Structure formats: C-alpha cells, structure tokens
A.B. asks: 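One structure, as structure tokens, below. Some questions next.
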Amino acid sequence: MGNTNNNSAGTDNGEAKPEPLDFIREIVAADLASGKHASTVTRFPPEPNGYLHIGHAKSICLNFGISLENEGGVCHLRFDDTNPAKEDVEYVDSIKEDVQWLGFDWGKNIYFASDYFEKLYGFAVELIQSGKAFVCELTLDEIAGHRGTPTKPGTNSPYRDRSPGENLELFQRMRDGEFADGTRVLRAKIDMASPNLHMRDPVLYRIRKTLHHRTGNKWCLYPMYDFTHCLSDSIEGITHSLCTLEFEVHRPLYDWVLDNVAIDSRPRQIEFARLSLTYTVLSKRKLLTLVEEGRVNGWDDPRMPTVSGLRRRGYTPASIRSFCKTIGITKFNSLTDVALLEHSIRQDLNDTTPRRMAVLRPLKVVITNFDEDKVEELEAANHPKDPEAGTRSVPFTREIYVERADFMEEPPRKFFRLGPGREVRLRFAYFITCNEVIKNAAGEVTELHCTYDPETHGGNAPDGRKVKGTIHWVSASHAFEAQVRLYDRLFTVEDPNKEDDGKTYLDHLNAESLEVIADAKLEPGLAKAEPGERFQFERLGYFCADAGDSQAGKPVFNRTVTLRDAWAKQRGKG
RNA sequence: UGCCGAAUGGUGUAACGGUAGCACAACGGUCUCUGACACCGUUUGUCUAGGUUCGAAUCCUAGUUCGGCAACCA
C-alpha cells in the first residue's frame, strides 16, 4: 500500500529516488515546504444521492491517500446534503460502508453540510448586509432569460438594487416559510456581463419545502452547492479542496464567496480529471437508470462499477487501491482500459487465493479400469507457489466430470487436451487415455471412456513420460452442485457514453453480461465456502461466494475475473 | 461565436531545458502437474507549423483537435 510516509524507492547506488508525485501532491508538498500549511486537511464530499463507484474510489484514494502520506494529515468525510429532494439515508449508509471497506478511516471527522445550515445562513446575511446579495423574485425561466448566453452578456434583475434592509427582511421571511417554492431566491450580486456564466449573479439559496433526511422540516430554505461547498471547506479548515474538472469554471465563484465573507481559513480548490472506464458508465444518473429500469439487479449487482458491485463481484480493496495508484492523477480527460482494473485484481488474487477444482460445463468420463466402488483420496496443493497454503484431499472415482472444452474429437494441431487416443494428466491425479467416444442419437458427445495408468498416481509418470496437457476434474458422485454466475462486461462497446447515430448507452447493453450455470460440478470441499470467500477455480478464473445469495452449506459463486487464456487467443486467430 | 482546461505508443502514466521511461495490452519465446503465475524479448509515441537555445515533450507564438460551462443539481 502506498499509505506511508516513505514514498521513495531505493536505487542501485543507494540514493533515494523519490517516486514521482502527481501534480496535486506536488502542490501539497510545496505548500508544506513553504510553510503555508503545517499539514494537510482534505475531504471526500459525496452527495448522498447514489452509491459510490470506482470513480469515487479514485477520489477517495487521492484525498485519504494524501492525509496518510503527510504527518498529521487528516481527511474528512463530508456529506454534501443540500438538496433534500434527491438525497436519502440509504445512500449515506452505503457510502460510509464503502469508504471503510476500501480501507480508509475518517476517525471523528464525519460531517454533514446540513450541520452548517445555520452558519451558512449567517454568511448569507453577511453578504446581504454588505450589499453583495439580493432577494430575486424572477421566475426560473426569467432568470434563465436574463442570464444571456456564452457570447451575449446577461441583463440585471429588476430586483438587483433592493436595499440591504429590504433584502434582509425578505430573506428572513423566506426562511420563515412565508413564500412558496420557486417564488424567490437569494442571489449573489456579481456581474451579469461576466464571460463566466457562473458569475452572472448566481443563485445562492432556493426555497424547497421538502423534508430533509437529517434536518427534517427545520428548513425550507436550502443553500446551493457553490455557496455551501467553499464555506464548508473553510469551516472545516480544509487546506486542499480536490474536485473534478467540471468544477473548474466554478472556481472563480468558490473564491468570490470566500473573498466576500469573514472567514479564518482559506482552502484552495484544485481540479483533476474524473475516471472513465471502457465498457461501462460512471455517471450516477446512468447508473440510477440501470437500477430503476431493472437492467441490473440493484446497485450492488456484480456487473455494476459501483464499489458495492465490485465488492460482491469479488474485487478486493487492495486491488482497487492498486488500480487507483496505477491510473494516476492528471487533468487529461482519459478513457482507461478496463484491462487495467482486471490486471489489478488478478495480480492480487493470484498471490492470495486458494486453488480449487470446478467443472462448469461437464462432460462425463468413465475410467474403465478403475474399480467401481473405489474412492481414492488424492492430495492437492492449495497454492502452486506457496507451500504454506497447505494441501487438501479430493476424492477420485471411476466416474468423473471434465470440462467439455477440454475434449475435441478432431483436435487441431495446437490442442493439448483430450481427444481420441490422447493421453492427458488429470490434475493431482493420474494420466488418462481416451479410448472411446460415446454419442447420443443426435451425434453429440455424451461420455468418454478412458483408462488410467495406476503408475502415474499423483500426476507423475515414473518412466518420465510427459503429457502436454493437464486438465481439471471433479468426481461425479462427490460433486457439489452449485449455482455459478459468469459475468461479462455490461456494455458491448468501449465507450457507451458516445451517442452515435441516435443510440444511447442503453442500446449497447450486453445481453450476455450474465450467464447463470445452475448446477456446476464443484469439488466437495467448496460446499463449506463462506459468503465472500474467494477461490481460484483452476484454469477458469477467480470466484467469490456471493455475499447476498449464498446460504449455509449452499454457496453461490460469482466469477470475479477469468484467468488469462492463451489458448482462447490462439483459437480466436483461426 | 464567449469563457475555462487538456493534448506523450493501442490504453494509462513518467520526464520539471540534457539518452523519451514504466505499467497494461498486443506479438514471439522460455518454464510449467493451471495454455495460469513467473521469466526473456519484440512492435508501437512527444497534435501541427514556426521561433528561442549548443540542446525543446518541456520555454514562446500561431493553429488543430478534444473536453467542460448557459438546474432554483452536485
């Protein structure tokens, strides 16, 4: 983990070569070096209106990462809950769970913008008193009309020159609930001719007689993001306020507010590029639609790029942190190949995950020279490179299942597996040779008759004879039958956000993103898998016992990611 | 047409005026009781045009392309 003070790597000549810093960490380092700040206070400020996704993980790793890297650094978790119409406690709970699961700790520093409503109101009063804010009675449409366009300046509201006294009174009456939703707003008095639209007398407060998930009906007046965020940052003593690129044009307003009220602490906003990933969407609105339209089974559907979806899919917190480190922080609007994410999880799971055998698409094999009633217990290593992982015993019998894809009646040149007359190794067991191919009336292969070589017990031939292929298997009579879900990418195109020829992301959903295998044949020990437990099913991929649908003694498995498959590529070239 | 920002191999990212490097992907090979892992190797890049300089991915100028911005959303 990169969460230490030591971010240097040793070199051959013993000089410490510092790991390169991203541009934000460079600014932070400079501010610390110059004495501008004694340490860092960062914050992760989600709006509780949806579940966290992998893009949020990038921001979480950045903000909490910086706090961990600097002596005395802290990172706040702050809910930006200023729009009661869209927000809900369900989301604050899930967000807290996800941040913790990712491995970060906000300690005592958990805050809600709604806790600052009274203070914020005071700042608004301050602005009104100094003649820098006014109550406007224009309708929503009228305000839009007065705003002008990017190329044409706007025009002043007729209410712009009300006296501070009148504004103060009106603002108080807005708070008291005397006016209906939408009839009045508080606006900053800046410049209707500014080339930056956000500076054309932006709305600071609107009336919304909606129950707030935390303040209930205490308020009917809610502050807007631009007013709330900078002041919340200042109230909390945030030193570096890190946000995504779309807020770049908001920065002059962020600074304007802080310049025009009395504050003790001056945060600096710095913007970086949000994450985009191939074959998925990362917008709360689009993810919400997928959930609401039932295109997926909820926010934590393992196909979703949400933190909860990835967790259920079997991703580890470490793999997501490592992914975030790999993609870095820049201002370049990039589209990251999902292969990078998949690499992170394979890397992590390869080292840590015990191996098991499972047959997803079974083909029965009868070992004709093996005793009918004999059950032989074979020892199988739990990890090929880590003896500490120990061994387990797997039963071997006359009838076993192998993967259908591991047999070909007319094998091409580079096929190393089973075929008529061919010998292969059954992993941890014996060499077997295929003698007979049994078919049904339709000509489909239903069964293979093979013979085993007793001399090859455990998988090695005393005569030194080699086989090119090793395949996995499960004893037919001992097989534990379980549901296994194979997940694939949610969309069929690299960038579902690109709306070509009238198509939207919904037109690119992958109809085969989920394949359910009702009764895969698993080695018996897997019946005891605990929810959330991860395994590598040898030669297939990494799987995780589903945390939601598994029952005691009856786990259901999700495929996290496949193993790399050189044969699949070879074959694809045909 | 206004404002803000960004451009380095297929993808992501480094270089801070001095040999364009790393990871992923792809391709070839070695190894192998997982066609995995590991290991070795190969291909591919500084948006364009000028300028400054002994020397430019880096500095300057102009252009091109891409992204963001006109909720009483965040």
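Worth saying up front: this structure is predicted, and the values here are computed from it rather than measured. Labels below follow one simple rule: chain letters A, B, ... track the order of the sequence lines, proteins then strands, and each chain is numbered from 1.
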A.B. asks: Could you check whether A/Gln536 gets within reach of a base, just the sugar-phosphate, or nothing at all, counting any heavy atom under 4.0 Å?
C.D. replies: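 Contact class for A/Gln536: base.
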
A.B. asks: Across the strands shown, which category fits A/Thr330 at heavy-atom distances under 4.0 angstrom: base, sugar-phosphate, nothing?
C.D. replies: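 A/Thr330: backbone/sugar contact only, no base atoms under 4.0 Å.
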
A.B. asks: Counting the atoms with a prime plus P, OP1 and OP2 as sugar-phosphate, which does A/Glu538 contact under 4.0 Å by heavy atoms, base, sugar-phosphate, or nothing?
C.D. replies: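 Counting heavy atoms under 4.0 Å across all strands, the contact made by A/Glu538 includes a base.
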
A.B. asks: Can you check the distance between B/rG9 and B/rA49, where both ends of the measurement are the P atom (answer in whole Å)?
C.D. replies: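 16 Å, rounded to whole Å.
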
A.B. asks: Is A/Arg214 positioned over the aromatic face of A/Phe112, cation under 6.0 angstrom from the ring centre and no more than 45 degrees off axis?
C.D. replies: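 A/Arg214 over A/Phe112 ring: yes.
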
A.B. asks: Less than 3.5 Å between a donor and an acceptor, one on the side chain of A/Arg417 and one on the base of B/rG35, is that the case here?
C.D. replies: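 Yes, the side chain and the base share a sub-3.5 Å donor-acceptor pair.
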
A.B. asks: With sugar-phosphate meaning primed atoms plus P, OP1 and OP2, does A/Pro384 contact a base, only sugar-phosphate, or nothing at under 4.0 Å between heavy atoms?
C.D. replies: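 The residue A/Pro384 makes base contact.
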
A.B. asks: Distance between the C1' atoms of B/rA25 and B/rG67, in whole angstroms?
C.D. replies: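 Rounded to whole Å, the distance is 25 Å.
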
A.B. asks: What's the verdict on side-chain contact (heavy atoms from CB on, under 4.5 Å) for A/Glu87 and A/Val92, showing C-alpha distance, side-chain angles and the deciding distance?
C.D. replies: CA-CA 9 Å; A/Glu87 297 153 6; A/Val92 349; over 6 Å; no

A.B. asks: Looking at A/Phe535, is A/Arg356 sitting on its ring face, NZ or CZ under 6.0 Å from the six-membered ring centre and within 45 degrees of the normal?
C.D. replies: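 No, a cation-pi geometry is absent between A/Arg356 and A/Phe535.
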
A.B. asks: Return the value, rounded to whole Å, for the distance between atom NZ of A/Lys325 and atom C1' of B/rC22.
C.D. replies: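 The distance from NZ of A/Lys325 to C1' of B/rC22 comes to 13 Å, rounded to the nearest Å.
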
A.B. asks: Please state the C1' separation for the pair B/rG45 and B/rG12 - nearest whole angstrom.
C.D. replies: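 The same atom, C1', in both gives a distance of 13 Å.
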
A.B. asks: Using the C1' atom on both, measure B/rC59 against B/rU46 and round to a whole Å.
C.D. replies: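 Between the two C1' atoms, the distance is 15 Å.
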
A.B. asks: To the nearest 0.5 Å, what is the distance between OG1 on A/Thr228 and CG on A/Asp80?
C.D. replies: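 One gets 6.5 Å once the value is rounded to the nearest 0.5 Å.
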
A.B. asks: Which of these passes salt bridge (charged side-chain N to carboxylate O under 4.0 Å, His left out) with A/Arg392: A/Glu379, A/Glu377, A/Glu523?
C.D. replies: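 Among A/Glu379, A/Glu377, A/Glu523, the one that satisfies the salt bridge (charged side-chain N to carboxylate O under 4.0 Å, His left out) with A/Arg392 is A/Glu523.
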
A.B. asks: Less than 6.0 angstrom separating the ring centers of A/His457 and A/Tyr430, yes or no?
C.D. replies: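 Judged by ring-centre distance (under 6.0 Å), A/His457 and A/Tyr430 do meet the cut-off.
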
A.B. asks: Kindly say whether, by distance alone, the side chain of A/His250 makes a donor-acceptor pair under 3.5 Å with the base of B/rA74?
C.D. replies: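 In this structure, the two groups form a donor-acceptor pair.
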
A.B. asks: Would you kindly give the OH-to-P distance between A/Tyr91 and B/rA74, to the nearest whole Å?
C.D. replies: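 It is 16 Å, rounded to the nearest whole Å.
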
A.B. asks: Syn or anti for B/rA71? Use the chi torsion, O4'-C1'-N9-C4 for purines and O4'-C1'-N1-C2 for pyrimidines, with syn inside 90° of 0.
C.D. replies: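 It is syn.
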
A.B. asks: Answer yes if the side chains of A/His250 and A/Asp226 hold a donor-acceptor pair under 3.5 Å, and no otherwise.
C.D. replies: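 Judged by distance alone, the side chains do pair up.
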
A.B. asks: Under 4.0 Å between a side-chain N or O of A/Arg208 and OP1 or OP2 of B/rC73?
C.D. replies: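 For B/rC73, OP1 or OP2 has a side-chain N or O of A/Arg208 closer than 4.0 Å.
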
A.B. asks: Any base atoms under 4.0 Å from A/Leu335, or only sugar-phosphate, or nothing? Heavy atoms, all strands.
C.D. replies: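 Result for A/Leu335 = sugar-phosphate.
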
A.B. asks: How far apart are the C-alpha atoms of A/Tyr542 and A/Phe537, what are their side-chain angles, what is the distance that settles it, and do they pass the ring-ring contact (aromatic ring centres under 6.0 Å, His included) test?
C.D. replies: CA-CA 6 Å; A/Tyr542 296 98; A/Phe537 289 176; 9.8 Å; no

A.B. asks: Does the ring of A/Phe416 meet both stacking tests against the six-membered base ring of B/rG35: centre distance under 5.5 Å and plane angle under 30°?
C.D. replies: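 Yes, A/Phe416 stacks on the base of B/rG35.
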
A.B. asks: Taking the nucleotide of RNA chain B with the nearest heavy atom to each, does A/Lys466 or A/Phe23 sit closer to the 5' end?
C.D. replies: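 First, find each residue's nearest nucleotide; the 5'-ward one identifies A/Phe23.
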
A.B. asks: As an exercise, state the distance from CZ of A/Arg184 to CZ of A/Arg173, rounded to the nearest 0.5 Å.
C.D. replies: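 One finds 7.0 Å between CZ of A/Arg184 and CZ of A/Arg173.
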
A.B. asks: Looking across every strand, which nucleic acid part, if any, lies under 4.0 Å from A/Tyr205 by heavy atom: base, sugar-phosphate, or nothing?
C.D. replies: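 Here A/Tyr205 touches no strand at all.
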
A.B. asks: Could you tell me the separation between the CZ atom of A/Phe537 and the C1' atom of B/rG35, rounded to a whole number of Å?
C.D. replies: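 Result: 20 Å.
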
A.B. asks: Using the C1' atom on both, measure B/rU42 against B/rG10 and round to a whole Å.
C.D. replies: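 Roughly 16 Å separates the two C1' atoms.
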
A.B. asks: Using whole Å, report how far CG of A/Leu341 lies from P of B/rC24.
C.D. replies: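 In whole Å, B/rC24 P lies 14 Å from A/Leu341 CG.
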
A.B. asks: Provide the distance between the two C1' atoms, one in B/rC24 and one in B/rU44, to the nearest whole Å.
C.D. replies: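 It works out to 14 Å between them.
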
A.B. asks: Suppose you measure atom P in B/rC47 against the same atom in B/rU13; what distance do you get, rounded to whole Å?
C.D. replies: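 So the two P atoms sit 14 Å from each other.
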
A.B. asks: Between atom CD1 in A/Ile327 and atom P in B/rA25, what is the gap in whole Å?
C.D. replies: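 To the nearest whole Å, that distance equals 16 Å.
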
A.B. asks: Centres of the A/Tyr111 and A/Phe79 rings: under 6.0 Å?
C.D. replies: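 No, they do not, as the ring centres are separated by 6.0 Å or more.
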
A.B. asks: Does A/Arg251 or A/Asn460 map to a spot on RNA chain B nearer the 5' end, using the closest nucleotide for each?
C.D. replies: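 The answer here is A/Arg251.
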
A.B. asks: Would you say A/Trp567 stacks on B/rG35, if stacking means ring centres under 5.5 Å apart and planes within less than 30 degrees?
C.D. replies: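 Stacked: centres under 5.5 Å apart, planes under 30°.
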
A.B. asks: If the cut-off is 4.0 Å, is A/Lys152 near the phosphate of B/rG2, judged by side-chain N/O to OP1 or OP2?
C.D. replies: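 No, no such contact exists.
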
A.B. asks: Describe the nucleic acid contact of A/Arg200 in one word from base, sugar-phosphate, nothing, applying a heavy-atom distance below 4.0 Å.
C.D. replies: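 No contact.
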
A.B. asks: If you measure from the P atom in B/rU43 to the same atom in B/rA36, how many Å do you get, rounded?
C.D. replies: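 It works out to 23 Å between them.
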
A.B. asks: Heavy atoms under 4.0 Å, any strand shown: does A/Phe415 hit a base, just sugar-phosphate, or nothing?
C.D. replies: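 Base, at least one base heavy atom under 4.0 Å.
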
A.B. asks: Verify the contact: side-chain N or O of A/Thr82 to OP1 or OP2 of B/rA74, cut-off strictly under 4.0 Å; return yes or no.
C.D. replies: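 True: A/Thr82 side-chain N/O within range (under 4.0 Å) of B/rA74 OP1/OP2.
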
A.B. asks: So A/Val203, base contact, sugar-phosphate only, or nothing? Heavy-atom distance under 4.0 Å.
C.D. replies: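 Result for A/Val203 = sugar-phosphate.
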
A.B. asks: Does anything in residues 191-198 of chain A come within less than 4.0 Å of RNA chain B? Heavy atoms only, and list the residues if so.
C.D. replies: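 A/Pro195, A/Leu197, A/His198, in order of number.
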
A.B. asks: Rounded to whole angstrom units, what separation is found between the NZ atom of A/Lys58 and the C1' atom of B/rU13?
C.D. replies: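 Rounded to the whole Å, the gap is 11 Å.
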
A.B. asks: In this structure, how many angstroms lie between the P atom of B/rA70 and the CG atom of A/Leu138, rounded?
C.D. replies: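 Atom-to-atom, A/Leu138 to B/rA70, this comes out as 19 Å.
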
A.B. asks: Rounded to whole angstrom units, what separation is found between the CD atom of A/Gln570 and the P atom of B/rA26?
C.D. replies: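 In whole Å, B/rA26 P lies 14 Å from A/Gln570 CD.
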
A.B. asks: Does A/Thr149 make a side-chain N or O approach to OP1 or OP2 of B/rA70 shorter than 4.0 Å?
C.D. replies: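 Checking A/Thr149 against B/rA70: no side-chain N or O falls below 4.0 Å of OP1 or OP2.
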
A.B. asks: With a 4.0 Å limit, can you tell me whether A/Arg206 has a side-chain N or O closer than that to the phosphate oxygens OP1/OP2 of B/rA74?
C.D. replies: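 A/Arg206 to B/rA74 OP1/OP2: side-chain N or O found under 4.0 Å.
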
A.B. asks: Considering only distance and modelled atom types, tabulate donor-acceptor pairs under 3.5 Å from the side chains of residues 50-61 of chain A, sequence neighbours left out.
C.D. replies:
from, atom 1, to, atom 2, distance (Å)
A/Tyr51, OH, A/Glu90, OE2, 2.8
A/His53, ND1, A/Gly55, N, 2.9
A/His56, ND1, A/His53, N, 2.9
A/Lys58, NZ, A/Ala273, O, 2.6
A/Ser59, OG, A/Asn63, ND2, 3.3

A.B. asks: Any cation-pi pair here, A/Lys286 with A/Tyr505, using under 6.0 Å and within 45°?
C.D. replies: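 Yes.
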
A.B. asks: Counting any heavy atom closer than 4.0 Å, what does A/Lys284 reach on the DNA or RNA strands: base, sugar-phosphate only, or nothing?
C.D. replies: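 Answer is nothing: A/Lys284 stays at 4.0 Å or more from every strand.
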
A.B. asks: Looking at B/rG35, B/rA25, B/rA74, which one has an atom nearest to any side-chain atom of A/Ala566?
C.D. replies: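 Nearest listed nucleotide: B/rG35.
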
A.B. asks: Cut-off 3.5 Å, side chains only: do A/Asp233 and A/Tyr254 have a donor facing an acceptor?
C.D. replies: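 Judged by distance alone, the side chains do pair up.
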
A.B. asks: I want to check one thing: is the phosphate of B/rC72, taken as OP1 and OP2, less than 4.0 Å away from some side-chain N or O of A/Arg147?
C.D. replies: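 Answer is yes, contact under 4.0 Å.
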
A.B. asks: For RNA chain B, please output the secondary structure as dot-bracket, reading 5' to 3'. Pairs are Watson-Crick or G-U wobble, both atom distances under 3.5 Å; mark crossing pairs with [ ], other-strand partners with |, unpaired with a dot.
C.D. replies: .((((((..((((....[..)))).(((((.......)))))....(((((..]....))))))))))).....

A.B. asks: Does A/Arg564 place a side-chain N or O at less than 4.0 Å from the phosphate oxygens OP1/OP2 of B/rA26?
C.D. replies: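 Yes, because at least one side-chain N or O of A/Arg564 sits under 4.0 Å from OP1 or OP2 of B/rA26.
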
